[in-house]
Amino acid sequence: MGKSKVLVAGGTGYIGRRIVKASLAEGHETYVLQRPEIGLDIDKLQILLSFKKQGAHLIEGSFNDHKSLVDAVKQVDVVICTMSGVHFRSHNILLQLKLVEAIKEAGNVKRFLPSEFGMDPARMGHALEPGRVTFDEKMVVRKAIEEANIPFTYVIANCFAGYFVGNLSQLGTLTPPKDKVYLYGDGNVKVAFTDEEDVATYTIKAIDDPTTLNKTLYIRPPHNILTQSELIQKWETLTGNKLDKISITADDFLASMKGFDLAGQVGVGHFYHIFYEGCLTNFEIGEGSEEASKLYPQVEYTRMDDYMKIYV
């Protein structure tokens with residue numbers, strides 16, 4: 001069997017462009033959905049044209065034109081959707097239902113990877129408002145996929161390093177604190193951090209792997225399962241700079257939600273589940289699931305000690 005042909009929807013986005021790059025690097029014939037809705041967004045167009053230079057094919061298709069989606073899907077074996085599900089960018093999870101309908105009609109897709117790449121929504125039935133909408137909508141998409149008997153893999157990538165590591169997991173900033181750092185509780189809850197390039201590499205490894213068919217793939221590399229305190233300690237060792245630690249109780253952290261807009265409230269809720277409850281690591285990976293770094297030990301994943309060095 002040759003390598004699958006891959007279509008990426010959302011290829012100009014934060015994780016999508018990395019997946020396009022990884023697909024090309026692994027030798028897959030790679031297609032990227034070019035949506036007319038980009039209008040005058042020159043940055044997106046230039047990203048698409050850069051993919052074309054690298055050997056990707058651009059396929060025009062719109063979520064407002066069912067036939068165009070069906071025609072796009074018919075040209076490939078695997079569809080990967082990376083549309084944004086975060087409120088501070090754009091929140092488009094349910095648009096994927098149109099893609100599910102197109103895949104169902106086309107009837108040729110061997111694997112669909114919907115836009116997951118965060119926490120496992122199947123484990124977040126208890127999530128707080130207003131942030132639970134992310135998980136509820138992902139479950140609506142999963143239900144549609146499974147009812148249509150579309151072969152799938154759900155990729156759970158946990159905490160992207162770009163959003164959680166360089167800033168030592170501080171809300172509202174992406175860069176490291178200089179003097180003081182806020183600790184969530186005692187800072188000793190285990191969290192799974194992932195390098196975004198590694199997420200893309202593992203995702204592409206999984207698409208032709210029968211082991212991951214109709215399963216959830218967790219990306220939890222053992223060296224990157226760290227507490228917030230351990231993350232801070234690594235930063236202090238790297239910089240030689242000790243930070244003042246200010247602990248925030250769970251109650252105070254949740255009370256802070258009142259001062260935020262909707263996107264901020266969603267963020268507070270998600271941070272609460274990650275850093276107080278430990279929702280990324282408080283369970284064993286069991287039946288119907290696999291762990292990426294065990295399945296693909298040949299991938300030399302980036303450790304957070306190394307990831308942090310660019311911020312010094």
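No experiment lies behind these values; they were computed from the predicted model shown. Just so it is clear, the values below take in all heavy atoms, side chains as well, and ignore hydrogens, waters and symmetry mates.
Remark: the Ser4 side chain and the Asp208 side chain contain an N/O donor-acceptor pair separated by less than 3.5 Å. Under 3.5 Å, the side chains of Glu105 and His66 contain a donor-acceptor pair of N or O atoms. A donor and an acceptor atom, one from each side chain of Ser115 and Gln96, are nowhere located under 3.5 Å apart. Under 3.5 Å, the side chains of Arg18 and Thr201 contain no donor-acceptor pair of N or O atoms. Side-chain contact annotation: Asp120 with Tyr218, donor-acceptor N/O pair under 3.5 Å present. Residues Tyr182 and Gln170 have side chains that never bring a donor and an acceptor to within less than 3.5 angstrom of each other. A donor-acceptor pair shorter than 3.5 Å cannot be found between the side chains of Ser289 and Thr216. A donor and an acceptor atom, one from each side chain of Ser293 and Arg220, are nowhere located under 3.5 Å apart.
Aromatic ring orientation, Phe135 versus His270: tilted (interplanar angle from 30° to 60°). The aromatic rings of Phe275 and Phe164 are tilted relative to each other, their planes meeting at an angle between 30° and 60°. Note on ring orientation: taking the six-membered ring where Trp is involved, the planes of His223 and Tyr301 are tilted (angle from 30° to 60°). Taking the six-membered ring for Trp and thresholds of 30 and 60 degrees, His273 and His126 have ring planes more than 60 degrees apart, a perpendicular arrangement.
The distance from the NZ atom of Lys215 to the OG1 atom of Thr212 is 8.0 Å, given to the nearest 0.5 Å. Note: Glu290 CD to Glu287 CD = 10.5 Å, rounded to the nearest 0.5 Å. One finds the SG atom of Cys159 at 11.0 Å from the CG atom of Leu226 (value rounded to the nearest 0.5 Å). The OG1 atom of Thr227 lies 8.0 Å from the CD atom of Gln233; values are rounded to the nearest 0.5 Å. In this structure, OH in Tyr311 is found 12.5 Å from CG in Leu238, a value given to the nearest 0.5 Å.
For Gln298, the CD atom is densely surrounded, since the number of other residues' heavy atoms within 6.0 Å is greater than 12. Residue-environment remark: CG (Asn282) exceeds the threshold of 12 foreign heavy atoms within 6.0 Å. Within a 6.0 Å radius of NZ in Lys190, other residues, nucleotides and ligands contribute more than 12 heavy atoms. Heavy-atom neighbours of Lys104 NZ from other residues, nucleotides or ligands within 6.0 Å: at or below the threshold of 12. Residue Glu146 qualifies as enclosed at atom CD: its count of foreign heavy atoms under 6.0 Å is above 12. Around atom NZ of Lys143, no more than 12 heavy atoms belonging to other residues, nucleotides or ligands sit under 6.0 Å away. The number of heavy atoms from other shown groups lying within 6.0 Å of CD (Gln75) is above 12. Counting non-hydrogen atoms of neighbouring residues, nucleotides and ligands closer than 6.0 angstrom, the CD atom of Glu37 exceeds 12 such neighbours.
Tyr154 has its ring centre no less than 6.0 Å from the ring centre of Phe112. Close placement of the Tyr14 and Tyr163 rings is indicated, their centers lying within 6.0 Å of each other. For Tyr272 and Phe253, the distance between ring centers is not under 6.0 angstrom.
Looking only at distances, a side-chain donor or acceptor of Tyr184 sits under 3.5 Å from a matching main-chain atom of Ser169. Distance alone, capped at 3.5 Å, is enough to place a donor-acceptor pair between the Asp198 side chain and the Thr302 backbone. No side-chain donor-acceptor contact under 3.5 Å links Lys110 to the backbone of Pro151. For the pair Glu137 (side chain) and Thr134 (backbone), a donor-acceptor distance under 3.5 Å is absent. With hydrogens and angles disregarded, no donor-acceptor distance shorter than 3.5 Å links the side chain of Lys180 to the backbone of Asp244. Proximity of a side-chain donor or acceptor of Thr82 to a complementary backbone N or O of Ala9 within less than 3.5 Å is detected. In this structure, Glu196 contributes its side chain and Gly162 its backbone to a donor-acceptor pair below 3.5 Å. With hydrogens and angles ignored, the 3.5 Å screen pairs no side-chain donor or acceptor of Gln34 with any backbone N or O of Ile59. In this structure, Ser68 contributes its side chain and Ser62 its backbone to a donor-acceptor pair below 3.5 Å. Side-chain atoms of Arg132 come within 3.5 Å of backbone atoms of Gly125 as a donor-acceptor pair (strictly under, hydrogens ignored).
A 4.5 Å side-chain heavy-atom check between Leu48 and Thr12 finds at least one atom pair inside the cut-off. Taking the side chain as every heavy atom from C-beta outward, Leu69 and Leu33 approach each other to under 4.5 Å. Using a 4.5 Å cut-off on side-chain heavy atoms (C-beta onward), Ile15 and Val199 make contact. At least one side-chain heavy atom of Ser23 sits less than 4.5 Å from a side-chain heavy atom of His28. The side-chain heavy atoms of Val165 and Leu231, taken from C-beta on, include a pair separated by under 4.5 Å. Annotation: side chain of Ile219 is in contact with side chain of Val155 (closest heavy-atom distance under 4.5 Å). Taking 4.5 Å as the limit, every side-chain heavy atom of Leu7 sits out of range of all side-chain heavy atoms of Val78. Side-chain contact between Ile310 and Val312 is absent, with no heavy-atom pair separated by less than 4.5 Å.
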Next item on the list: Let me see the working for Leu183 and Ile232 under side-chain contact (heavy atoms from CB on, under 4.5 Å), right down to the final yes or no.
Entry: CA-CA 9 Å; Leu183 269 184; Ile232 293 165; 3.6 Å; yes
Margin query: As a quick check of understanding, evaluate side chain to side chain donor-acceptor pair (under 3.5 Å) for Arg17 and Ser50, giving each step before the final call.
Written below: CA-CA 10 Å; Arg17 62 181 181 263; Ser50 76; over 6 Å; no
Next item on the list: Give the C-alpha distance, both sets of side-chain angles, the deciding distance and a yes or no for side-chain contact (heavy atoms from CB on, under 4.5 Å) between Cys279 and Ile274.
Entry: CA-CA 5 Å; Cys279 70; Ile274 293 165; 4.2 Å; yes
Next item on the list: Could you please spell out the steps behind the side-chain contact (heavy atoms from CB on, under 4.5 Å) verdict for Leu168 and Leu243?
Entry: CA-CA 11 Å; Leu168 305 184; Leu243 297 167; 3.7 Å; yes
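The residues Lys74 and Asp71 are annotated as not salt-bridged, no charged nitrogen and carboxylate oxygen being separated by less than 4.0 angstrom. Ion pair Lys5/Asp77 not flagged as a salt bridge, since none of the NZ, NE, NH1 or NH2 atoms sits closer than 4.0 Å to an Asp/Glu carboxylate oxygen. Classification of Asp209 and Lys205 as a salt-bridged pair fails, no side-chain N sitting under 4.0 Å from a carboxylate O.
No cation-pi contact links Arg142 to Phe152, judged by a cut-off of 6.0 Å to the six-membered ring centre and 45° from its axis.
Nearest approach of Lys178 to Asn241, heavy atoms of both residues: O-ND2, 3.1 Å. Considering every non-hydrogen atom in both Thr173 and Asn167, the closest pair reads O-ND2, 2.8 Å.
Residue Ile47 is grouped with residue Val32 when hydrophobic side chains (ILVMFWY) are merged at heavy-atom distances under 4.5 angstrom, including chains of intermediate members. Under a hydrophobic clustering in which Ile, Leu, Val, Met, Phe, Trp and Tyr are joined whenever their side-chain heavy atoms come within less than 4.5 Å, directly or via other members, Phe283 and Ile156 fall into the same cluster. Under the 4.5 Å side-chain heavy-atom criterion for grouping Ile, Leu, Val, Met, Phe, Trp and Tyr, Ile145 is not connected to Met139 through any hydrophobic cluster. In the hydrophobic clustering of this structure, Trp235 does not group with Val189; members are Ile, Leu, Val, Met, Phe, Trp, Tyr whose side-chain heavy atoms approach within less than 4.5 Å, directly or through other members. The hydrophobic cluster containing Leu280 also contains Leu128, counting ILVMFWY residues as joined when their side-chain heavy atoms lie under 4.5 angstrom apart, directly or transitively.
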